[in-house]
Structures are given as C-alpha cells and as structure tokens.
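For reference, the structure is listed below as structure tokens.
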Amino acid sequence: MIQECHMKARVRYAPSPTGLQHIGSVRTALFNYLFARSVGGTFILRLEDTDRTRSSDVFVKNLYDTFKWLGFYWDEGPDVGGPVGPYTQSERFALYREHAERLVGLGKAYYCFCADDKGARKDEPEEERGEADAQAPAGFGYQRTCRNMDPAEASRRSSSGEPHVIRLKIPLDGVTGFDDLLLGRIEWKNADVNPDPVLLKSDGFPTYHLANVVDDHLMGITHVMRAQEWIPSAPLHMIMYEAFGWEPPKLCHLPMVHGEDGHKLSKRHGATAVDEFRKKGYLEAALINYVAMLGCSYEDGRDIFSLDDLSRLFSIDHINKAPAVFDYAKLEWFNGQYIRMLSDAQLVERITPFMIDASLVWSPPNEQEEAVLLGAAPLVKERLKYLSDAPEALRFLFLAPELPPLSDFVPKKFDTARTALALSAARDLLLTVDVSNHDATEAASRAKAEELGIKLGDLLLPLRVAVTGTRVSPPLFQSIAVLGTAKAVARADKAIAALKAAD
RNA sequence: GUCCCCUUCGUCUAGUGGUUAGGACACCGGGUUUUCAUCCCGGCAACGGGAGUUCAAUUCUCCCAGGGGAUGCCA
C-alpha cells in the first residue's frame with residue numbers, strides 16, 4: 001500500500017533565483033532527489049521568481065550550471081518541460097490572482113488597503129526595529145485592520161484601482177497542525193499563527209505562501225521536503241489547503257545546516273556557493289557525499305557513498321532531527337578520498353582546467369604536455385587536497401623554478417660548501433643511472449650516500465630543491481623521470497654554481 | 001517578547017531498559033618513508049541538568065536550562 005503510494009511520489013526543488021546556488025539549498029534539492037529516486041518517484045524543478053526586484057537570469061543560469069556539474073537533474077522543469085508546466089512562476093502570473101480572488105469569494109481572504117509600512121521596515125536600522133518590536137502592543141504582526149471591511153466596499157475600492165493586497169484570514173481561534181514525516185505532530189493555536197499574511201502583493205505577484213500552495217497542488221506534489229526554517233509557515237499553508245478544499249502534501253522538515261558558531265550557514269563561515277567549491281577544486285562526488293551525510297547516516301562504519309548508493313539507501317528514518325554543523329575539514333577529507341579514487345587519466349582530465357588557468361599548459365594541452373600530466377598524475381594523486389593544488393605542485397615540470405634562497409638547499413648540520421659537494425655528487429649520479437628505473441636509481445643513491453657518509457635525505461635534499469625549486473615535492477626520482485634528466489642536470493648545475501659563488 | 005523545533009566525544013554520527021557507549025573527521029603520539037603526502041598502529045574525548053517510572057535509564061515520561069529558527073507586500 002505504502003509502496004504503491006510512493007510509486008506516484010512527486011517532489012520538487014523550488015529555489016528562488018535571487019542568488020548563487022547555496023550549498024544548503026542544494027542539500028535540500030539532493031534529499032528531494034534521493035527521496036524521489038529511492039521510491040521511484042519524480043523530481044521536479046520549479047522556479048519561484050516572484051520577487052521581481054531580486055530575481056535574475058544570471059542566477060537561473062547559475063542554477064542550471066550547478067546541477068549539470070553536480071550531475072543530478074530534475075525529471076520535469078523549465079528547461080526540460082513536463083506535463084504540468086510552465087515551471088516558472090512568473091509565467092503562471094494569472095493563476096495566482098485567480099486563486100487569491102477565489103479565496104476572497106469564499107470569505108477566506110480579503111482585500112487590504114493598508115500602506116506598506118511593514119515592508120519599509122526592513123530598511124530601518126536593526127536597533128530601531130528591535131525597539132519597535134519591544135514596544136508593540138499585545139499581539140504581533142499585522143493588526144487585521146481591513147479584515148472586517150464591508151466586502152462591497154472592498155470590492156469597489158479595489159476595482160476603482162486603489163492599490164491593495166490580498167490577505168489570508170487566519171481563524172481567530174482553534175488549532176492548526178500537521179504530522180511531519182520526520183518530527184511527528186506539530187500544532188499551533190491559531191492565535192499564535194502569523195496574523196493574516198499577504199497572499200497577493202500590490203504588484204499582482206503572489207507571495208511565496210500562495211504560489212507555493214497553488215503550484216504544489218496544481219503540479220501534483222505529494223511530498224514537500226524543505227528546511228526546518230519553514231516550519232512556522234506550515235500552519236498557514238495548511239489553512240490555505242483547507243480553505244481551497246485541497247488535500248495537502250506530506251510535509252518533512254529537514255534539519256538545518258549551521259556554521260561552527262551554531263548559526264545558519266552563511267558566507268561568514270566560508271564558502272557557501274556551490275560555484276566556489278567547484279572553483280576551489282572540489283569533486284562533485286565528494287561534495288554530494290559529504291552533504292548527504294549531514295544529518296544522515298546509513299551503514300555504521302561506512303562513509304563513502306556514491307550518488308547511486310544514496311539513491312538506493314535513502315530513507316527518511318535515517319535522517320536526524322538536530323541541526324548539523326558544516327565541517328570544512330571533513331569535506332576536505334572526503335575530497336582527498338575521491339581524488340585518490342580517480343584513475344590517472346581521470347585526474348589529468350580534472351586538473352587540466354586548473355593547469356590552463358595557471359598558464360602552465362596550452363588550452364588544450366599539446367601532446368607533450370598531456371604526456372607530462374599523465375606521468376605526473378600518480379605522483380600528486382595522494383598529495384592533492386583540492387584540484388586547485390595541482391598547478392603549484394606541478395609547476396616545476398613546465399617552468400624552470402627561480403633559484404630559491406640558498407639556505408633552502410642546505411640540509412641540517414651542513415654548510416654551503418658541503419651542500420655543493422652533495423649536490424654535485426647527486427648531479428653526477430643522475431648521468432649514470434636510468435631514472436625511469438626507480439629501484440635501481442634508489443639503490444645507486446643509497447650507495448652514493450653511504451660512500452659519502454651522509455644520509456640519503458641529505459644527499460637528495462639539495463637536488464630536490466634545485467630541480468623543483470622547493471623542499472617539498474613529489475618523489476624526486478619519478479619527478480625527474482617525468483621532467484627529463486637533461487633539465488634536471490641543468491638546474492643542478494645552476495644551483496651548484498650559485499652555491500659555490502656564495503662560498 | 002511570543003511561538004515552534006532541537007539536545008550522545010570539539011565536529012558528523014551509531015546504539016541499547018542491563019554495552020568497556022562503537023565508528024569517522026579533527027587533534028596528539030608512534031611506525032613506514034628520499035621531503036611532503038598517503039598508508040598502518042595507538043591515544044585523547046560524549047549520553048545538558050533535575051525529578052519520575054523501573055530491580056535497572058544514555059535509552060521511557062515530565063519540568064528546566066541551553067542552542068537554533070520564525071515572527072516581511074524575501075523566499
């Protein structure tokens with residue numbers, strides 16, 4: 001029975017294009033997607049662009065780009081179409097007034113001609129608003145001034161062109177509630193519900209509340225999964241469903257995502273736009289995996305899950321009720337895990353855009369650069385935290401490094417003269433070995449170090465600095481094998497000269 | 001202020017009416033190692049408080065506290 005019901009499940013992600021896609025919103029989208037997939041349902045995108053002043057096409061484009069990159073997409077939406085379109089609310093404009101008027105006709109809503117002083121308040125300094133709130137008389141919000149206006153008069157004033165909004169009549173007494181799929185029964189006394197919220201704004205556009213209820217119903221949405229910050233608006237939605245005589249969808253309020261200070265995740269805490277994560281060099285699989293684990297867990301002891309795994313395993317009873325803190329360090333660990341799971345060819349493909357941006361290779365890379373990247377891939381795979389770390393780590397393979405400060409060459413307890421000696425020995429050794437034969441090269445190096453009475457690390461450090469320009473690099477012999485012995489020797493010669501000159 | 005939601009290591013979490021309360025990240029030690037990293041081993045560290053139910057409560061109930069969210073012609 002439940003199974004059958006789920007077969008028809010329709011869920012939606014309903015963002016408003018007023019900003020870059022936020023990691024928290026994307027998590028909501030993901031949970032909806034996973035729920036749909038887990039029960040064989042349909043995942044729908046609906047654009048809630050009813051705020052004319054803040055909505056923008058650049059954010060719509062960012063939305064599409066983001067989800068194409070993430071690799072999970074909607075079955076119905078503005079760009080892919082579907083049976084209950086249009087899926088963009090501004091294209092459904094007429095629908096909302098129609099429905100708002102219907103409620104007025106039913107006596108469940110009313111015209112309001114009060115000036116928009118509430119709206120203006122958002123421009124006031126925070127402190128003044130706080131004082132105003134503190135001084136507010138008993139009750140809160142709108143004072144229901146127009147609620148009892150004679151309907152005939154209201155109708156006359158509105159048709160004469162007087163600016164107005166339409167407000168929902170919240171019952172003065174009684175109780176409204178619903179059964180949350182995750183949280184259980186939640187109820188309010190109607191006296192505590194936001195008094196008579198605006199349904200239709202004076203510009204004729206609907207507010208979120210109206211558009212959301214009308215469209216969810218018209219689009220056959222069966223389950224609404226959204227963040228817990230929406231809980232307080234649930235009763236007014238329920239009152240609207242009741243007023244329309246519609247069956248409400250099942251509601252499930254997801255735990256919120258916080259920053260480390262316990263507040264709603266925001267820019268102050270670090271990257272929040274998915275775009276920022278992409279540019280920083282996170283893999284989409286890592287981001288999805290991490291975000292799916294926020295407030296959720298599946299098999300004890302397992303933390304790596306693919307999108308397919310999650311689609312199969314998702315279930316509301318694995319979701320936690322408490323908010324989760326977004327831990328950038330743990331996300332970084334996930335990213336490292338996923339980078340290491342890449343094949344060499346895949347890693348090359350993923351780091352190439354970053355190499356191009358850093359002007360280290362051509363766009364597209366030529367054959368030789370391609371070969372170098374492929375040879376270097378296994379050397380850096382377990383060293384990268386982000387794809388964006390690649391240019392710095394691989395720079396020396398494409399450009400001769402500037403001569404580092406001489407002190408960088410000098411091992412502990414060495415002086416420059418002795419360093420020059422060690423470097424010369426290492427340099428000469430390069431000419432006698434085949435660096436592509438790693439074991440033989442290492443054996444020869446050990447023998448040489450022993451012969452000189454120094455540690456292998458001390459023999460290699462000056463050479464490493466000469467060849468790579470830094471004390472920290474991928475494994476030296478393999479790096480030289482990719483770079484080419486001739487270049488390595490030339491860099492060593494330059495360093496030797498500098499060390500001797502300093503003596 | 002009012003309403004609503006939440007509460008296991010620093011963080012993400014597992015878990016049960018009787019457990020040495022488990023794992024992961026982070027952190028700290030140690031090992032492997034040509035640097036760094038990876039990898040391996042070990043360590044640190046939690047049931048918010050108070051009542052009640054019970055032979056027994058981290059687990060069930062209630063209260064409190066703390067945290068968060070909402071209180072817009074933004075979503």
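Numbers restart at 1 for each chain; the letters A, B, ... are given by sequence-line order, proteins then strands.
Nucleotide B:C55 has B:G18 as its partner under the Watson-Crick or G-U criteria, with both atom distances under 3.5 Å.
At the phosphate of B:C39, OP1 or OP2 sits under 4.0 Å from a side-chain N or O atom of A:Q337. For the OP1/OP2 pair of B:C39 and a distance below 4.0 Å, the side-chain nitrogens and oxygens of A:R340 include at least one atom meeting the criterion. Considering only side-chain N and O atoms, A:T207 lies nowhere under 4.0 angstrom from the phosphate OP1 or OP2 of B:G72. OP1 or OP2 of B:G68 has at least one side-chain nitrogen or oxygen of A:H263 nearer than 4.0 Å.
Contacts of A:K385 classified as salt bridge (charged side-chain N to carboxylate O under 4.0 Å, His left out), with partners at least two apart in sequence or in another chain: A:E332. Residues satisfying the ring-ring contact (aromatic ring centres under 6.0 Å, His included) test with A:Y208, not counting sequence neighbours, are A:W230, A:H237.
Side-chain contact annotation: A:D215 with A:Y96, donor-acceptor N/O pair under 3.5 Å present. A donor and an acceptor atom, one from each side chain of A:Q21 and A:Y64, are nowhere located under 3.5 Å apart.
Listed candidates were B:U35, B:A75, B:C73. Nearest to the side chain of A:D51 is B:A75. Checked against B:C74, B:A75, B:G68, the side chain of A:Y208 finds its nearest nucleotide in B:A75.
A heavy-atom distance below 4.0 Å to RNA chain B is reached by these residues of residues 459-477 of chain A, ordered by number: A:L460, A:R464, A:R471, A:V472, A:S473, A:P474, A:P475, A:L476, A:F477.
Using a 4.0 Å heavy-atom cutoff across all strands shown, A:K264 reaches sugar-phosphate atoms only and no base atom. Using a 4.0 Å heavy-atom distance criterion, A:T53 is classed as making no nucleic acid contact. Counting any heavy atom pair closer than 4.0 Å across all strands shown, A:E187 reaches sugar-phosphate atoms only and no base atom.
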List, one per line, each side-chain donor-acceptor pair under 3.5 Å for residues 177-185 of chain A, sequence neighbours excluded.
unit_1: A:D179; atom_1: OD2; unit_2: A:R185; atom_2: NH1; d: 3.4
unit_1: A:D180; atom_1: OD1; unit_2: A:L182; atom_2: N; d: 2.7
unit_1: A:D180; atom_1: OD1; unit_2: A:L183; atom_2: N; d: 2.8
unit_1: A:D180; atom_1: OD2; unit_2: A:H253; atom_2: N; d: 3.0
unit_1: A:D180; atom_1: OD2; unit_2: A:H253; atom_2: ND1; d: 2.7
unit_1: A:R185; atom_1: NE; unit_2: A:E187; atom_2: OE2; d: 3.0
unit_1: A:R185; atom_1: NH2; unit_2: A:E187; atom_2: OE2; d: 3.2

Considering only nitrogen or oxygen atoms on both sides, find all protein atoms under 3.5 Å from nucleotides 62-65 of chain B and state each distance.
none

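Taking the C1' atoms as reference points, B:U58 lies 10 Å from B:G15, given to the whole Å. Rounded to a whole angstrom, the distance from the C1' atom of B:A45 to that of B:A26 is 12 Å.
Taking the six-membered ring for Trp and the full ring otherwise, the centers of A:Y282 and A:Y338 sit at least 6.0 Å from each other.
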Summary of protein contacts for nucleotides 7-14 of chain B, nucleotide by nucleotide, where a base hit scores B, a sugar-phosphate-only hit scores S (4.0 Å, heavy atoms)
S---SBSS
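Considering NE2 of A:H164 and SG of A:C146, their distance stands at 11.0 Å, rounded to 0.5 Å.
Straight-line distance from the CG atom of A:L183 to the P atom of B:C5: 8 Å, rounded to whole Å.
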